[in-house]
Amino acid sequence: MEIFETPNPNAIKIVFKHNLESGVNITDVNQIDIPLINEIIEIENIVSIFSGPDFITVIKQDNSEWETIKSNINLIFDKLG
């Protein structure tokens with residue numbers, strides 16, 4: 001898993017292999033049946049997740065900081081081993 005900044009200051013790109021169909025926009029927990037994605041969307045200040053081939057784009061609220069969000073994302077992936 002790798003995290004990349006994007007031109008949008010409220011979005012980051014996370015590169016990893018996943019089973020999501022490309023072009024899916026996730027805004028609610030349990031919208032899809034993938035526990036990893038549901039854990040990420042539950043992180044405070046995350047607005048949505050957009051899926052692409054072998055990456056997702058995570059979008060946060062305007063007034064929030066990335067530091068805590070990225071830490072939480074790293075913890076989720078660390079649990080996977």
Self-check item: Salt bridge flag under 4.0 Å for residues Lys70 and Glu65
Solution: no
Exercise. Any chance you could measure Asn10, atom CG, to Asn8, atom CG, to the nearest 0.5 Å?
Key: 5.0 Å
Quiz item: Within a reach of under 6.0 Å around CG of Asn19, are more than 12 heavy atoms found that belong to other residues, nucleotides or ligands?
Solution: no
Quiz item: Should Ile59 and Phe55 be counted in the same cluster of Ile, Leu, Val, Met, Phe, Trp and Tyr side chains packed under 4.5 Å apart?
Solution: no
Self-check item: Residue among Val58, Ile73, Val15 satisfying side-chain contact (heavy atoms from CB on, under 4.5 Å) with Ile3
Solution: Ile73
Self-check item: Note, Ile43 side chain near Ile76 side chain (heavy atom, < 4.5 Å)
Solution: yes
Practice problem: Look at the side-chain heavy atoms of Ile, Leu, Val, Met, Phe, Trp and Tyr, link any pair under 4.5 Å apart, and say whether Ile32 and Phe16 land in one connected group. | Solution: yes
Quiz item: What heavy-atom pair brings Ser64 and Ile69 nearest, and what distance separates the two atoms?
Solution: OG-CD1, 4.1 Å
Quiz item: For Asp33, does the CG atom sit with more than 12 other heavy atoms under 6.0 Å from it, leaving out its own atoms?
Solution: no
Quiz prompt | Within one Ile-Leu-Val-Met-Phe-Trp-Tyr cluster: Ile26 and Val29, side-chain cutoff 4.5 Å | solution = yes
Exercise. Could you tell me whether the side chain of Ser48 and the main chain of Thr27 form a donor-acceptor pair under 3.5 Å?
Key: no
Quiz item: Atom CD of Glu2 and atom CD1 of Ile12: how far apart are they, to the nearest 0.5 Å?
Solution: 12.5 Å
Self-check item: Same apolar cluster: Phe50 and Trp66, side chain cutoff 4.5 Å
Solution: no
Self-check item: Thr57 side chain to Lys13 backbone, donor-acceptor under 3.5 Å
Solution: no
Quiz item: If you take all heavy atoms of Ile14 and Met1, which pair is closest and at what distance?
Solution: CG2-CG, 3.5 Å
Quiz item: Any Lys/Arg nitrogen of Lys79 or Glu39 sitting under 4.0 Å from an Asp/Glu carboxylate oxygen of the other?
Solution: yes
Quiz item: Under 3.5 Å, is there a donor-acceptor pair linking the side chains of Lys60 and Asn45?
Solution: no
Quiz item: Shortest non-hydrogen contact from His18 to Asp54?
Solution: NE2-N, 3.7 Å
Quiz item: To the nearest 0.5 Å, what is the distance between CD1 (Ile56) and CG (Asn25)?
Solution: 11.5 Å
Quiz item: If you look at every heavy atom in Ser22 and Pro53, which pair is closest and at what distance?
Solution: OG-N, 3.2 Å
Quiz item: Would a hydrophobic clustering, with Ile, Leu, Val, Met, Phe, Trp and Tyr connected at side-chain separations under 4.5 Å, put Ile46 with Leu36?
Solution: yes
Quiz item: What heavy-atom pair brings Asn38 and Asp28 nearest, and what distance separates the two atoms?
Solution: OD1-O, 4.4 Å
